Structure formats: structure tokens, C-alpha cells
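Remarks on the structure that follows.
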Amino acid sequence: MHGAPELRRDPTPLRPRPAPAPSRPALGPLVGLQRLAGNRAVSRLVAQRSWLGDRVAWVRTATAAGNWRQADPPGAYYVLNGLSMDDMVRLLRQLSAGERKQLAANLEEEGGGFDRPRIHLALTNASAAGATSAAFREMSEKLLWAIRSGDFTSAPDGAFPILGRATPGQLAGLVTALNRDALDALIDRRDDARGIPGADSALVAVERKRGGTGPSTQDQRLIDLVEGGAWADFFRAFNGMQEFDQLRFLRGAPGVVPRIRDNLRAADGIGDPDRIRYLLERATTSTARSLYVDATVRTVSWQPKYRVADPRDLSRIVRFGNLFDVEIDISSISDDSSSPEEAELQFQQATPGPGGFLWPAVRNRSTLPVLWQVKQEVRKAQETVLFDDVLRDGIFVVQFFLDVVIPIAHGSTIRSLTALRGATLSSRWMRGAQVVKGRMPPPTPGSGYATSLGELAEGPILRRDYPNARSAPPKFKAYDGVEGGVATEELTFEGPRNNRVTIVNQTIKGGRWISIKTVKPENANAAGVQKAVRGALNDMYADVHNPSSRMPSRDPDPLQPNVYYRMLKASPDRVTLHVELPTKLTPELEAAARQVVKESTAVSELPPFDLVIRGLE
């Protein structure tokens, strides 16, 4: 029979089970790091993560809001500009590809005043493929450093050696990593690439990349102002830019430099013309210190009778320059000496002055060793002038030339006055064509051309109404003659090497410039007169606002075999439009002509203007 199960007795007395121990929480990553590295290291890591995270958030917020430049709240480029390259790359890698693209797209337009080449490089390196990013980053940063330090040729880490040994893939990446400023620097130093293996083909890639980079919106606006002749607006906008961006514009649009140079008068009252000249020179020079005035002197000219008040005196003025003709009175260079330390300080602290060059505050034999030597040579020439018959009444154009040789390699940077003290000079006299009181001798018969003595249609009018005027050569722009002014002459040589000709370049500064319009009989009515006046005013306006970068044509008739004359106009005091009628001048015709002048906007842009109308008596 089955009964209830038997309860077995355990001989060991039962003991109560202990309560289960509370479960231990899992170790977090920070606790693990604390055990491995210590509390101080972890604190630093947490702080670093917070520091970088803050800046990532700032850049992300600023990028979304289009805030690029502000300090408060911090703009995207404002934040990036203050970071090391390592921190910048780390920050940018935490952004999305779209955010990095937005930063890159706005850098040229909105990054003015910040280090655009570094930010551009960081954006490129932050997007590089992981497997190659470390090697590429090292190569690209070495390249930018070489460009910035002016090392274009040293092996192995000069700019052109780096580009020359790059593989096609590396070269494409390196060129992409450079912004327009770095590309321009390489192009400016293209001559240094000669003889470096692979550098010539690398330059092709550099120039192709730069050619695909168009002007910024700001640059295009400035170009439009130049092309439109709006010089006051141009200089106001240009003067409001930072120097870095001014140079950037000039280097990126070299075609505007000659036109800006020719219209610097419009900068008066808006900006400093000498400083603008300095910027124009800087735009075509690799180093700023190479613009120290003594370092730029290569050929100096002295004309014994240039700008003398008394015909018995000899001129103290010498002229030199490249884009700009610089004049200096040699007596302004003292024979005193400065200590080497004082002279070097003057060199380092030189400021823009005449011609856009850098000038020391103290001008003496120590601070301007080249020009002081020029002064000594001109003094010797003054004491030994033997051309009394030539110099009397300015009958001949005579010039004394000094050629300067400075013992440094072409393109080398002038870093001190030491090299300039070793300059050597050689001299030569040049005698030019006969110029008697500003008038040319009779033309060569049978040339078939009208000449500057008045065989043009306007010649008789000039002789009748302006007997003291000089006729302009054929095809001279806008004007037919000039009355008064100060004339100076300079000789140049033109044409192929085997057929060189001498040109007497006569520059007339100031004076009254005369434009003559002869109305044909069939146009001797109100409409015809107005058309002639309007056309002449347009020509005179274009001469002021759209000057040609080319030299004026020379007179086709030689002064003597292989010697020709060219007239150049500088800063007229007045301009006159002379209208010659083939009929009697009536009140109606005169009113028609003066109505055009009254309504024309061109007249206000010209020097002081006169209208002269003559008809048959």
C-alpha cells in the first residue's frame, strides 16, 4: 500500500542561506581608463574632447548660418584660422562632407583677412582617403611651407623638386590642395623650375588649375570699374581693402595694372598714389624687400639741361625706374655716413615713397649706397661736360647713362644692404636728334606723309590761330597740337636687332592741348556741327578714361636717317576743342555746338575746357 513519501532526515543540521550579494555595476570606459592611465590623464582627455567638441559645434552652427567672419558669435573661418593644422584637420574630419564642401565653396569670397591657403589645405587633407592621407598630408604641407618660405629650388624639399618627383596621382592632389594664392606664387617663380626634373610638366598642371579659377565677385566688380573707366569708384573700393587682398587682386588680374598706373591721378584725395604704386610694383615682384629703391636701380639717365631754371645751370635731377619714372635730386642724398647698425635699421624700416619703391627716412651714402655712387658719377660728368655747343639753347638731346650691376643672382632676395654696397657702375654719353625750341627740322621730301610741321589738314589752322603751338604727329590720339607746357626728351631704341632705330621721345607736361575738327561743306548745318562736336568730346573723354597701354605712334618721317620723333602727353593744364566751319558762323550753328557741350557729361571729366568756333569772315 502506498502511503505518503518518507521524509529523509539529513544528519547535518540545516543552516540559513546567506542573502545574495548585490550585483556590481559594469565598469565604464572612463573608470577603465582611470585604472590604466590615472585620473589626471583622463581629466585632460575629457577636457580635450570638450575643447574640440565646442569648436566643432561652433563651426557647424556658423556654417549653417552663413557666418564666416564674425568674432562673436564665432564665424567658421574665424574659428579655423586660430587652430594649428593638426587641430584644424581633426575638427574638419568631424564635419560632414557637405559641410566641408560648403566651407570650401565660400572660402575665396568670404575668407578675406584669414589664412586662406592653410584653410584650403586643411579642407583638402581632411577629405583625403584614409590609406594615403598621412603620406599625402605630409607632402602637401611641405609644399605649402616651401612656397611660403620662398624655397622653390632646394632639393629635396623645395617647391619645384616636390612637384617634379610627384606621381601623376600625387601631382593632381597637390595642385588641388593649393589655393589661387599659392598657385600664383608658383607661376610667378616659373623661371626657377628650369633644370629641375619633372618641374616643367608640373607647371603645366599648375597653370591649368589656375586658369580654371575665375575672379571672385569682388575682383570682378573691380575689373568692371576699371574697364568702365570709373576710377573714383575703383580707388574708393580698392582703398577699402586689406593689403593682402589688394595684392591678390593685382596678381590675379595683371591686365589692369597698366591702366591703374596710367590713371593714378584719379586716386588723389582718395588714397595715397605712392602707396598704390608700391602695391603695383609688389604685384610683379617676388619679395617686398626687393623693392628697396637702391635694389631697383639698374639704369639711370641724366640730361644736363633737364628742368633747369637758369640756362647756365646744369640739372641735378636723375631719372630711373621700370613701370614708373622716378626723379630724384642728387643733392638730397647726403655725403654723411651712418653706422652699419643704423643703416640696416633704415633698410628694414623703409616705407613706400616716390615710384612706389621703399625709401629710408635718412638718405645718405650709407643708406643709399647705389644712388650715392650715381651722385658721384654725375658730379664728375658735370665737371667734364665738353659739349658747350651742343648744350647751348637745348639744340641737341644729350643724355648721360649709368648702368648699375649689383653682385647678386637674378631673382635673389635683397635681405640687407651688404650686396648693394658692392654695386659697380659704368657710364656712357648718348647724343640724339636735333630739337630746336621744341620744333622738328623740315621733313624729308617725298615721303608722302603729313608731318608734325603742319602739312596735316589742321596745320594751317594751328599756324593761323595758335602760332606758338607744336603740331602732333599723324594719328596722335584726340589732339592735333599743344601750346606751352614743359618739354623733356629721352632716347630709346626700337625695332629688330639688325635694324634698330633711335626714337626721340618728347614728353610735354602741362600746356594747352588743342583738338581741331574741320566740318565738311555738306555737313555745315546744325546736325553736322553737333555730330562733329560730339565725336570730338567722345575722343577726348576716351583719351582720359580709356588710355591705350601702347606707346603713341612715331612720326613716319625721320628726323635724320634712322632717327624718329614721338610725342607724349602728360597732365594737360587745359584742353581746347576748335571747330572750323567752311561757311560763315551763324548764331544757329554756334548755339548748336554749345548746346552739345552744355549737355555733355564728358566735359566735367576733362581738364579745364574751351570751345572755339571759327567760320569764314
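Bear in mind the structure is a predicted one, so any value in this text is a computation, not a measurement. Hydrogens, waters and symmetry mates play no part in the numbers below; they use all other heavy atoms, side chains included.
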For the side chain of [X] and the backbone of [Y], is there at least one donor-acceptor N/O pair under 3.5 Å apart?
X: R574; Y: I514; result: no
X: N263; Y: R259; result: yes
X: T518; Y: E580; result: no
X: K569; Y: I508; result: no

From CA spacing to verdict: side chain to side chain contact (heavy atoms under 4.5 Å, CB included), R512, Y466: CA-CA 10 Å; R512 178 191 190 187; Y466 311 95; 3.8 Å; yes
Using distance alone, with no hydrogens and no angle criterion, decide if [X] and [Y] have a side-chain donor and acceptor under 3.5 Å apart.
X: Q346; Y: R363; value: no
X: W372; Y: D294; value: no
X: R275; Y: Q246; value: yes

Closest contact, heavy atoms only, [X] versus [Y]:
X: S332; Y: D329; value: OG-O, 2.6 Å
X: F476; Y: M567; value: CE1-O, 3.2 Å
X: L616; Y: P582; value: CD1-O, 2.9 Å
X: P607; Y: V575; value: O-CG2, 3.8 Å
X: G484; Y: R470; value: O-NH2, 3.1 Å

Taking 4.0 angstrom as the limit, do [X] and [Y] come out as a salt bridge?
X: E494; Y: R566; value: yes
X: R180; Y: D219; value: yes
X: K477; Y: D539; value: no
X: D465; Y: R614; value: yes
X: R194; Y: D200; value: no
X: D335; Y: R365; value: no

Verdict with supporting geometry, T367 and F347, side chain to side chain contact (heavy atoms under 4.5 Å, CB included): CA-CA 7 Å; T367 60; F347 171 77; over 6 Å; no
Chi angles and distances behind the side chain to side chain contact (heavy atoms under 4.5 Å, CB included) call for W359, T351: CA-CA 5 Å; W359 292 80; T351 56; 5.7 Å; no
CA sep, side-chain torsions, deciding dist, call: V612, L577, side chain to side chain contact (heavy atoms under 4.5 Å, CB included): CA-CA 6 Å; V612 175; L577 172 55; over 6 Å; no
Should [X] and [Y] count as side-chain neighbours, where that means a heavy-atom distance under 4.5 Å?
X: I328; Y: F320; value: yes
X: V603; Y: L537; value: yes
X: I196; Y: T153; value: yes
X: W231; Y: V226; value: yes
X: F238; Y: I270; value: no

With L279, the side-chain contact (heavy atoms from CB on, under 4.5 Å) member among D272, I260, L250: L250
D224: salt bridge (Lys or Arg N to Asp or Glu O under 4.0 Å) partners, not counting sequence neighbours: none
